[in-house]
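Reviewing the structure listed below.
A note on names: the letters A, B, ... follow the listed sequences, proteins ahead of strands, and every chain is numbered from 1. Bear in mind the structure is a predicted one, so any value in this text is a computation, not a measurement.
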Number of protein chains: 2
Amino acid sequence: MSSDQISTKTRILDVTWNLLESGDKSVRMSDIAKAVGISRQALYLHFPSRAELLVATTRHIDSVKDVDARLARSRSAQTGVARLHAFIDAWGGYIPEIHGVSVALRAMPDSDQDAADAWTDRMTAVRHGCAAAVVALARDGRLKEGLTETQATDLLWTLLSVENWERLVRDSGWSQNSYQAMIKQLSEAALMTDG
Amino acid sequence: MSSDQISTKTRILDVTWNLLESGDKSVRMSDIAKAVGISRQALYLHFPSRAELLVATTRHIDSVKDVDARLARSRSAQTGVARLHAFIDAWGGYIPEIHGVSVALRAMPDSDQDAADAWTDRMTAVRHGCAAAVVALARDGRLKEGLTETQATDLLWTLLSVENWERLVRDSGWSQNSYQAMIKQLSEAALMTDG
DNA sequence: TGTCAACTTGACACGATGTCAAGTTATCCA
DNA sequence: TGGATAACTTGACATCGTGTCAAGTTGACA
């Protein structure tokens, strides 16, 4: 250990991240091993399965890209609208960073419980962020009448899905900026009173 | 042939449809064969691959559920808004019918070109419907200023995605009615002038 | 009677994941 | 100095699902 500047484990995570983000391939365990410069079996000495490796990679990205700091800003917003905007910027702006891993995680066979759970956890965390923004809006009395907090959360969470980002940014060629601006506009139209 | 009331091919398609719609499983070729009551190999006498079987199943559902008739109504709408609503009803109401197959098609390995193409075709067809509704809105002068027809189409197409339906109806427990109502409301808020 | 289509059984190749066993190499430490 | 240990290597193998191949059966129809 100690020696090679950075540990093999970290190198594996970085390489996996790169391969997934570069997009084109299916990224098999053997591809990752080759890119790291170790044997396929050595991969299994560090990560028990492909699913666990993918999960560890998302955690690695979270720490490198400091997802906590990004979210902290939205938590400290004063008004409901500010919180909504900050959260959209935080999560919407984070999607491109984890998009490669997210695709791989969702492409795992349904039978893979680890992978499914990891993705569900992610989505649940995002949902909590949505719910907090909705609560802040409600507290300000800006939530559209006839909309429960749960419904509003469902909606915001749906609008902010990775798949919607894929459709607009990746498939339709929208810039990240116009994506974020449009989601804000849509969220306001969907959730807030005009007042 | 002729004899067994309905042809084996049709029975295969019906069974595949049922299995996919019932949701729980991975639905392997052997599962389908067993459910039809023939050998796994006989399946390959009728359909060259799993991908082709899935594609044929969507076409089968289209014909049984008469997708053309559903879409015809939206094409004959007089105003842009009417067309928008009719299209949302048509496609949004069709999603539950093909949801099982859609999941299976998207779950196919990326390497499978047939499956990917079939799904892309579907999405392209939906996009055309969206574009037509947007054109009708623009003709009525009801398209929001600062929004190109392409952007409006991108947005409507995104809102009407199968994944958004999954999130609201399947994951969040919305009724089909409230789903359709909400998509209408959102589409109007996103695309139309207040006038 | 013979032919043909629809099917059956059984074996096998392939690609990817994951496992197992046995060997190598470098480092650290007593 | 010599021996344990961690981090790796090579190579073989099991498993699962798809798809292929070959040879046999069955029933209808001409």
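- If you measure from atom CG of B/Asp110 to atom C1' of C/dG15, you get 15 Å, rounded to the nearest angstrom.
- Relative orientation of the B/His60 and B/Trp17 rings is perpendicular, given thresholds of 30° and 60° on the angle between their planes.
- Rounded to whole angstrom, the span from the CD1 atom of A/Ile32 across to the P atom of C/dG18 amounts to 11 Å.
- Here B/Leu45 lies in heavy-atom contact (under 4.0 Å) with a base.
- Here C/dT8 presents its P atom at 10 Å from CG of B/Leu43, a figure rounded to the nearest Å.
- For B/Phe47 and C/dA6, the CZ to C1' distance is 14 Å, given to the nearest whole Å.
- A salt bridge is defined here as a Lys NZ or Arg NE, NH1 or NH2 lying under 4.0 Å from an Asp or Glu carboxylate O, and B/Glu97 with B/Arg70 meets this definition.
- Close to D/dC8, at under 4.0 Å from its OP1 or OP2, lies a side-chain N or O of A/Thr8.
- For the residue pair B/Arg59 / B/Ser63, no side-chain donor-acceptor distance below 3.5 Å is found, with atom types taken as modelled.
- Not a single donor-acceptor contact under 3.5 angstrom links the side-chain atoms of B/Arg40 to the base of D/dG17.
- Taking atom CG of B/Asp112 as the reference point, atom C1' of C/dA16 lies 15 Å away to the nearest angstrom.
- For the helix from C/dT1-D/dA30 to C/dA30-D/dT1, the axis fitted to the five pairs at one end and the axis fitted to the five pairs at the other end meet at an angle of 20° (nearest 10 degrees).
- In the set C/dT17, D/dT20, C/dC7, D/dT20 carries the atom at the smallest distance from any side-chain atom of B/Tyr44.
- Nucleotide C/dA16 holds its P atom 11 Å from the NZ atom of A/Lys34, rounded to whole Å.
- Nearest to the side-chain atoms of A/Arg28 among the listed nucleotides D/dA12, C/dA16, D/dT20 stands C/dA16.
- No side-chain heavy atom of B/Val55 sits less than 4.5 Å from a side-chain heavy atom of B/Asp121.
- Ranked by how close their nearest DNA chain C nucleotide is to the 5' end, A/Met29 and B/Gly37 are led by B/Gly37.
- Under 4.0 Å is where a charged nitrogen must lie from a carboxylate oxygen, and between B/Lys34 and B/Asp31 no such pair does.
- Residue-level contact check: B/Ser26 touches neither bases nor backbone, having no heavy atom under 4.0 Å from any strand.
- A side chain to side chain contact (heavy atoms under 4.5 Å, CB included) with A/Val134 holds for exactly one of A/Glu149, A/Gln151, A/Arg83; it is A/Glu149.
- In this structure, of C/dC20, C/dT17, D/dG19, it is D/dG19 that holds the atom nearest to the side chain of B/Arg50.
- Taking atom CD1 on A/Ile6 and atom P on D/dA7, their separation rounds to 16 Å, with Å as the unit.
- No hydrogens or angles considered: a donor-acceptor pair under 3.5 Å links the side chains of A/His85 and A/Glu188.
- Dashed line: the shortest gap from a side-chain N or O of B/His46 to OP1 or OP2 of C/dC7 is under 4.0 Å.
- Rounded to a whole Å, the CG atom of B/Asp31 is 12 Å from the C1' atom of D/dC16.
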